[in-house]
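Some notes on the structure that comes next.
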Amino acid sequence: MPGQRSAATTSSCAWAILSPIPTRPPHGRSLTAPSPCAIPGPRSNRRWNRRSKETEMTVRVRFAPSPTGEPHIGNVRTVVFNWLFARKMGGQFILRIEDTDRTRYQPQTIPVIMDGLRWLGLDWDEGPSLEELRQSGVENAEQYAVGGPRGPYIQSARLEMYRQAAEALVDQGLAYRCNCSAERLDAVRAAQRANKQAVMYDRHCRDLPPGAVSPAEPHVIRLKVPLTGQTVVQDIIKGEVVFDNAGLDDQILLKSDGFPTYHLAVVVDDHNMAITHIARGDDWISSTPKRILIYRALGWEPPIYCHVPLVNGPDGKKLGKRHGATSITEFRRQGYLPEALFNFLALVGWAPGEGEEREIFSREELVERFDLFRINRAPAAFSYDKLDWMNGVYIRALSVEELAEHLIPVWQEAGLVPHPCPQELRPMLQRIAPLVQERLKRLPEVVDWTAFFFTDVEPTADTLITGKMKLDQEQAAAVLQAARRTLAQIDDFTPEGIEPPLRALVDELGYKTRDVFGIIRNATTGQVVSPPLFGTLSVLGKDQVLARVERAAQVLQQ
RNA sequence: GGCCCCAUCGUCUAGAGGCCUAGGACGCCGGCCUCUCAAGCCGGAAACAGGGGUUCGAAUCCCCUUGGGGCUACCA
């Protein structure tokens, strides 16, 4: 009886009775894709069919980062879910900046966050305008400005709305002013902890006579939470989650610096911006009843909640620095392709199901298949191994030109290619790209694979005769001299032109193929592992190859 | 401490009471291919946390236990 439960909130105050909002259907078959002529199949759900009217409303979801640092990749995963949902439903994805924490405020992270979202392909339909961004001190604000009809989209520009909402609640007796000092609050909490009591505000100022705390003196405004009854969160993936109001704190709405707390600001903004669904991290669910109470006090209807489980590190513990990259910027710098990261993130905590056994999906395919109701209930662990594999798949799918364009900045970063890249160098770079394409999992790995193309090699006897080679120094030198003569006679210095004479040489010398090719590899690349030999020699060029082979032979003859 | 959430191979997951001898993917192991390393192909090991119910029948529904996680700020 969801209706009854929702109405269970009681108090002396005028708490609006809230009509029930949708729960997750027993086996959620989508509120997504409301086919206009939907015939209830065996898997469809009565509840949703009945609510089909509601599914036709325009979905509006948001990502509301706090500019106190870069979002954690687990949050980014949740943003991906929001974005996919908005695109799937033909709705809007809104970006809002929640800068109400003035002590941790770092304005420079605003453009960093926006760059990250854009890089991942998460475009927003409404967001901070040019003027708002300029006021926040964002450089090149015109690059990031989007604007929209329900702004401002930066909370510090909306302070008056929060203040009015809070004051209105005070006037109605649903909230109250509190001037308890930080010291008193600390003492209360310490005592509660010592007595093993629930730690929460003791409501000292709650029943003071009106006017006892002057609006002129420093104070906060707290919500007068009902002392009895229950508040129910209807959640798309958790179902009905019931909280006793007695366990809820008299939440601060307005801080003494005049800024709202998250709880007030998010309610006011989500309501004014007509947000319909809130998909966010699991860690918010315990405080959701506080916000539902704020919605009720203000006489508003809460949106539909969807609390998605958190993303842990590979070891199942909280994901942190020690596990590897945790922000979009870091993943980008480590050479992950945005398409790969996007694909991977979409599959952390969600899967298309329905017997679908693929793992690689284009952005469009993900939009088509995505379904909020199918998000897993259990927290997921972030697997860098699987991401690496998937990135390799995407790298292999690139055209040679695309791969080269991705690689050039990496070579430049390593100091192997000048900045800007000379036009005459590009053909060679495009010939290198296919040699490493199926070997790369992350872009920067190309440096170790290909540095020898750009720098001289310094052969020594130890680096030339390696591993299980059954050649002594004299034999190795002879092989190199023979190879030099063979290579010198090749006019068609392509992989196809190089291979037959070299294989013939192997037969002629009577050594093992791996030994002959191995010593040539060591001599020309300075590495025991390298890209395929013939392609490598071809790109290196005849002159360079002959010089390196000659040099190596001389080293061995000394 | 209190409140809340969660539980299928090591990891991501499929599974919606009989299609399950529990499927796929990453990783791991073995083989093939082979100039090294990859890629590719073939094969293998690997899971329903435990205990009670309900039912003709439970990975699936209910309860308990255990184990993880979250929240408990004038942070978001």
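Every heavy atom of this structure was used, including side-chain atoms; hydrogens, water molecules and symmetry mates were not. So that the names make sense, note that chain A is the first sequence line, chain B the second, and so on, each numbered from 1. The structure displayed is predicted, hence computed values, not measured ones.
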Handout entry: Worked check of side chain to side chain donor-acceptor pair (under 3.5 Å) between Asn245(A) and Gln230(A)
Key = CA-CA 5 Å; Asn245(A) 291 338; Gln230(A) 296 177 318; over 6 Å; no
Exercise for the section: Dump the intermediate steps for side chain to side chain donor-acceptor pair (under 3.5 Å) on Asp269(A) and Gln155(A), then the final yes or no. Expected result: CA-CA 8 Å; Asp269(A) 290 348; Gln155(A) 289 186 328; 2.7 Å; yes
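Look at NE2 on His307(A): it is 13 Å from C1' on A76(B), rounded to the nearest Å. The distance between atom CG of Asp315(A) and atom P of U11(B), rounded to the nearest whole Å, is 11 Å. The CD1 atom of Ile292(A) sits 19 Å away from the P atom of C3(B) (whole-angstrom rounding). Rounded to whole Å, the distance from CG on Leu440(A) to C1' on A38(B) is 10 Å. In this structure, the CD atom of Gln437(A) is 20 Å from the P atom of C37(B), given to the nearest Å. Regarding Leu310(A), its CG atom lies at a distance of 18 Å from the P atom of A76(B), rounded to whole Å.
Across all strands, Leu347(A) comes closer than 4.0 Å only to sugar-phosphate atoms, never to a base (heavy-atom distances).
In the set C3(B), G70(B), A38(B), A38(B) carries the atom at the smallest distance from any side-chain atom of Glu438(A). The side chain of Arg396(A) approaches G40(B) more closely than any other nucleotide in the set C35(B), G40(B), A76(B). Closest to the side chain of Lys238(A), from the set C37(B), G69(B), C5(B), is C5(B). In this structure, the nucleotide among C35(B), A76(B), U13(B) sitting nearest to the side chain of Ser287(A) is A76(B). Listed nucleotides A7(B), C4(B), A76(B) differ in distance to Ile285(A); the shortest reach to its side chain belongs to C4(B). Taking the side chain of Glu98(A) as heavy atoms from C-beta on, and the options G70(B), A76(B), G24(B), the nearest nucleotide is A76(B). Of all nucleotides listed (G70(B), C35(B), C74(B)), C35(B) comes nearest to the side chain of Pro532(A). Listed nucleotides A73(B), G1(B), C37(B) differ in distance to Val529(A); the shortest reach to its side chain belongs to C37(B). In the set G70(B), G24(B), A76(B), the nucleotide with an atom closest to the side chain of Glu359(A) is G24(B). The side chain of Ala351(A) lies closest to U13(B), out of U13(B), A73(B), C4(B).
Within residues 67-82 of chain A, no residue has any heavy atom under 4.0 Å from RNA chain B.
When both distances must be under 3.5 Å, the Watson-Crick or G-U wobble mate of U55(B) does not exist. Using N1 to N3 plus N6-O4 or O6-N4 for Watson-Crick, or N1-O2 and O6-N3 for G-U wobble, each under 3.5 Å, C37(B) pairs with nothing. Pair assignment for C28(B) gives G44(B), based on Watson-Crick or G-U wobble hydrogen-bonding distances that are each under 3.5 Å. Base pairing analysis places C3(B) opposite G70(B); the two distances defining the Watson-Crick or G-U wobble pair are each below 3.5 Å. As the counterpart of A14(B), no nucleotide is assigned, since no Watson-Crick or G-U wobble pattern has both distances under 3.5 Å.
Between Glu357(A) and Asp257(A), the residue anchored nearer the 5' end of RNA chain B, judged by the nucleotide with its closest heavy atom, is Glu357(A). Remark on RNA chain B: of its neighbouring residues Pro531(A) and Arg189(A), the 5'-side contact belongs to Pro531(A), judged by nearest-heavy-atom nucleotide.
Judged by distance alone, with hydrogens and angles left aside, Arg104(A) brings a side-chain donor or acceptor within reach of the base of C75(B), the pair sitting under 3.5 Å.
Residue Asn376(A) places at least one side-chain N or O closer than 4.0 Å to OP1 or OP2 of A14(B). Distances shown here put every side-chain N or O of Arg291(A) at or beyond 4.0 Å from the OP1 or OP2 atom of A76(B). For the pair Arg503(A) and C35(B), the criterion of a side-chain N or O lying under 4.0 Å from OP1 or OP2 is met. Taking only side-chain nitrogens and oxygens, Thr100(A) comes nearer than 4.0 Å to OP1 or OP2 of A76(B). The phosphate of U36(B) has neither OP1 nor OP2 within less than 4.0 Å of any side-chain N or O from Arg521(A). OP1 and OP2 of G2(B) both lie 4.0 Å or more from every side-chain N or O belonging to Lys196(A). Dashed line: the shortest gap from a side-chain N or O of Arg439(A) to OP1 or OP2 of U36(B) is not under 4.0 Å. Dashed line: the shortest gap from a side-chain N or O of Lys255(A) to OP1 or OP2 of A73(B) is not under 4.0 Å. Contact annotation: Arg102(A) does not reach the phosphate of C74(B) (side-chain N/O to OP1 or OP2, under 4.0 Å).
Nearest heavy atoms, Leu254(A) versus Gly258(A): CD1-O, 3.8 Å. Looking at every heavy atom in both residues, Ile520(A) comes nearest to Thr524(A) through O-OG1, 2.8 Å. The two residues Glu402(A) and Ser399(A) make their nearest non-hydrogen contact at OE1-N, 2.9 Å. Among all heavy-atom pairs drawn from Leu505(A) and Ala483(A), the shortest one is CD2-CA, 3.6 Å. Counting all heavy atoms, side chain and backbone alike, Gly281(A) lies closest to His307(A) at O-CD2, 3.5 Å. Residues Thr68(A) and Thr109(A) approach most closely at N-OG1, 4.0 Å, considering heavy atoms.
A cation-pi arrangement, defined by a distance under 6.0 Å to the six-membered ring centre and an angle within 45 degrees of its axis, is present between Arg102(A) and Tyr105(A).
Arg291(A) and Thr288(A) share a donor-acceptor pair across their side chains, judged by distance under 3.5 Å alone. No side-chain donor-acceptor contact under 3.5 Å links Thr513(A) and Asp515(A).
Comparing the same atom, P, in G31(B) and in A38(B) gives a spacing of 14 Å after rounding to whole Å. Between A59(B) and C9(B), the distance separating the two P atoms is 15 Å to the nearest Å. If you take atom P in U60(B) and the same atom in G1(B), they sit 30 Å apart, rounded to whole Å. For the P atoms, the distance from U66(B) to G50(B) is 16 Å, rounded to whole Å. Between the C1' atoms of A47(B) and G15(B), the separation comes to 13 Å (whole Å). Spacing between C48(B) and G10(B) at atom P, rounded to whole Å, works out to 8 Å. Between the P atoms of C41(B) and A25(B), the separation comes to 10 Å (whole Å).
Interatomic distance, Leu502(A) CG to Phe517(A) CZ, rounded to the nearest 0.5 Å: 5.0 Å. Summarising the geometry, atom CD belonging to Gln251(A) is positioned 10.5 Å from atom CE belonging to Met200(A); distances are rounded to the nearest 0.5 Å.
Evaluated for a salt bridge (Lys or Arg N to Asp or Glu O under 4.0 Å) with Asp250(A), the options Lys290(A), Arg222(A), Arg206(A) yield exactly one hit, Arg206(A).
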Handout entry: Annotated protein contacts, base or backbone, on nucleotides 26-32 of chain B with a non-hydrogen cut-off under 4.0 Å, one of B, S, - each
Key = SS-----
